[in-house]
Each structure stands twice: as structure tokens, then as C-alpha cells.
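First comes the structure, then the notes that go with it.
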Amino acid sequence: MESFSGFTSSLREYNQANLRLSTSFRSNFYDRDTDCIINMTQNRIINNVCKINLNYVTICNNFHNIASYNNKFRITVTVSGVPTTSPIVVPPGYYDTVSLAAKMQSLINVFAPTVSVVWSETLSRFVVNTNDPLIELRFNVSLPLPVNYLGNNFLYLVGLPLNGQPYEAINTATPFPNPPALFGATSVYIMSNKFVSAKSVLNVLLPGDSDTIRELQSQNASEIMALGITAPYGVYQSYYDQGSDRGEFVLAQGISLDSIDLKVIDEFGNVLETDSVNTPIYYSFKVSYQ
């Protein structure tokens, strides 16, 4: 038993256990996003939990840099002065510049068979050529406009202006105006609504605070760890709490820890997508219970 000088007199002594979870046991096993619920088996349920800390998380950096929230755009193909606009959806996945150039070309060729898309190491840009003097090609943002316009805009990721204009590809090698931004997720956040609904007493009103401040504190509580992804693509790395109280939850009333909801989001609020079936995420919690 340990003593705990908590925020309420009811938190005096508690037992401790280490709880290690893997998204291999998530309820939605085959979903590609990282939003999941992990249900405990009957013999692992911990009752009357009064405090919980996320010690560390082990993640493989294989988040998709082209995901379901930033993989759409439109093209306008003008043939002999007659324009036709068509939507294009890029399959989610992790792309390097060469593979993405090949994928863009194959998708555009459905509507404009002569168009080529290549990656130029010299220019560090994608280069498009219609290979036909009668054909012009423009890129347009998807409709409806994507939420979080910058990070969710495919055109931004590949080095085009946000709305595609005034770039136009013609019958000559026409490079995109900017280098691509295909580095993927670098700042990510571990979230859990389970602990928010349990109302951590760390989110308390101080003298002079208002109910509005309390509500903001409650919303922020769903973030239990923030980390900067530093591992190369496809490599596992562990990220530790480093003494931060962000992942610490002291609960005014004991809860039954029969399940935990967890998700990983980027700085734009997108739930990150990955091949989680083959590369699960591992979480280690320190649980205190009475």
C-alpha cells in the first residue's frame, strides 16, 4: 500500500498494478484508423480505479501520409478548348515521391491517357506533361472544401497552390511550383474520452475561475500524451511520459476499468490511419485502485 496526498480526503491508500495493452485486441480490429476500444477480459477488469497514468506508448511510424481525409482532388482536362472536370481519389497509404507520381499518373490517365507525371530529383518537384498540344490540365481542390484546409488538402501535400490555380500543365514538362509535404505525421496526440467522462479531479476550479474555464479544462483532459514522431518510417519507438502530468488522471469516484478508448490524432485533429493489423500500438498504464 502507498499513501497518496491527493485532492480529496477520500484518496488515502491504494494498490497499484501495471496494465499493458495492445491494439491487437481492439474491438474494430480490421479498421485502418487508430480510433479503437480495447475491452478487458473478465479476469483483467480492475474495479474502483482512483488514479491512472500513461507511462509510455510504443508506436511504429507507419502512419499513412495520404489518408482518407486528404486523398481527394479534381482535375480539369481541356481538349481543343472543351473542359471536363472529374474527381480523383488516391487510395490511402504511405507514398514516397516516386510511387505517388506513378499513382497520380495512373489515376489521371483514366481521363487523359497521354498525361505523364514524374518525380524530378533535380527540381525536387513533381513534373506533369500532357504530351499533346491540344490538351491542357488543371488541378482543383476537392468539393466540399476539406476541413482543416491546409493539412487535409491533397494539392498542398504534392506542392500545388491550395486551390490549384494558376498552375496549368501543357505539352511540355511543367513542374509543380513547390516541393511536396509528404513527411506525414510528426506531432501526434494520444486521446481518451474514458478519462474525461470519469471527471478527473485534477481539473478543478481555482478561486476566480469560471464554469467556462472548467469546461475548457475538461475538454483538454482527453489528451493524455503528446509526442513528436522521430523514428524513420516503418520503425518502432517508445515514447515516455517524462514526468508530465498530462497523462495523469485522479478520479473523484472509483471507476471500473472494463474497457479503454484510445486514438491517435495529428495537429489538425485527424484520426491517424495506419496498417494497425500488422503493427499494433502498445500502451503501458500504471493503475491505482482501492
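Only a predicted model underlies this, so the values are computations on that prediction, with no experimental measurement involved. The figures here come from the full heavy-atom set of this structure, side chains too, leaving out hydrogens, waters and symmetry mates.
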Check [X] against [Y] and note the closest heavy-atom contact, atom names and distance.
X: Pro91; Y: Ile66; result: O-CG2, 4.4 Å
X: Arg26; Y: Asp33; result: NH2-O, 2.9 Å
X: Ile224; Y: Phe285; result: CD1-CE2, 4.4 Å
X: Glu273; Y: Pro92; result: OE1-CB, 4.1 Å
X: Leu155; Y: Asn163; result: CD1-C, 3.9 Å
X: Thr174; Y: Ile170; result: OG1-N, 3.6 Å

Pairwise distance [atom1]([X]) to [atom2]([Y]) - rounded to 0.5 angstrom:
X: Lys103; Y: Ile88; atom1: NZ; atom2: CD1; result: 11.5 Å
X: Asn61; Y: Leu272; atom1: CG; atom2: CG; result: 10.0 Å
X: Ser259; Y: Asn39; atom1: OG; atom2: CG; result: 5.5 Å
X: Lys51; Y: Tyr289; atom1: NZ; atom2: OH; result: 15.0 Å
X: Trp119; Y: Ser99; atom1: CH2; atom2: OG; result: 11.5 Å
X: Tyr233; Y: Asn62; atom1: OH; atom2: CG; result: 5.0 Å

**Report entry** Passing option when Val118 is tested against Val127, Thr97, Val128 for side chain to side chain contact (heavy atoms under 4.5 Å, CB included)
**Finding:** Val127
Assigning hydrophobic clusters by single linkage (Ile, Leu, Val, Met, Phe, Trp, Tyr; side-chain heavy-atom cutoff under 4.5 Å), is [X] placed with [Y]?
X: Phe268; Y: Tyr189; answer: no
X: Val110; Y: Phe73; answer: yes
X: Val49; Y: Ile45; answer: yes
X: Val158; Y: Val98; answer: yes
X: Tyr69; Y: Ile229; answer: yes

Query - Ile75/Ile108 under side chain to side chain contact (heavy atoms under 4.5 Å, CB included): CA gap, chis, key distance, verdict - result: CA-CA 8 Å; Ile75 59 169; Ile108 293 171; 4.1 Å; yes
Report task. On the 0 to 90° scale, with breaks at 30° and 60°, tag the Tyr282-Tyr236 ring pair as parallel, tilted or perpendicular. Result -> tilted
Say whether, by atom type as modelled, one donor and one acceptor occur between the side chain of [X] and the main chain of [Y] under 3.5 angstrom.
X: Asn53; Y: Asn55; answer: no
X: Asn65; Y: Tyr95; answer: yes
X: Gln105; Y: Val117; answer: yes
X: Ser284; Y: Arg20; answer: no
X: Thr34; Y: Val264; answer: yes

Report task. Tell me yes or no: between the side chains of Asn270 and Asn152, is some donor less than 3.5 Å from an acceptor? Result -> yes
Contact between [X] and [Y] at the side-chain level, heavy atoms closer than 4.5 Å - yes or no?
X: Val90; Y: Leu107; answer: yes
X: Leu137; Y: Val115; answer: yes
X: Pro177; Y: Leu160; answer: yes
X: Phe126; Y: Pro175; answer: no
X: Met40; Y: Phe25; answer: no

Query - side chain to side chain contact (heavy atoms under 4.5 Å, CB included) assessment of Ile190 paired with Ile281 - result: CA-CA 11 Å; Ile190 312 296; Ile281 300 174; 5.9 Å; no
**Report entry** Ring centre gap for Tyr167 and Phe176 strictly below 6.0 Å
**Finding:** yes
Report summary line: So side-chain hydrogen bond (donor to acceptor under 3.5 Å, both in side chains) across residues 122-131, not counting sequence neighbours, yields Ser116-Asn131
Report summary line: For residues 71-84, the side-chain hydrogen bond (donor to acceptor under 3.5 Å, both in side chains) pairs (sequence neighbours left out) are Thr76-Thr85, Thr76-Asn140
Requested in this report: Can you establish whether the number of heavy atoms outside Ile37 located under 6.0 Å from its atom CD1 is more than 12?
Outcome: no
Report task. Decide if atom OH of Tyr156 counts as having more than 12 heavy atoms of other residues, nucleotides or ligands within a radius under 6.0 Å. Result -> no
Requested in this report: Report the C-alpha distance between Leu21 and Val57 in whole Å, list the side-chain angles of each, state the deciding distance to 0.1 Å, and finish with yes or no for side chain to side chain contact (heavy atoms under 4.5 Å, CB included).
Outcome: CA-CA 10 Å; Leu21 301 177; Val57 58; over 6 Å; no
Requested in this report: Evaluate the criterion side chain to side chain contact (heavy atoms under 4.5 Å, CB included) for residue pair Thr58 and Tyr239; output intermediate values, then yes/no.
Outcome: CA-CA 6 Å; Thr58 302; Tyr239 301 87; over 6 Å; no
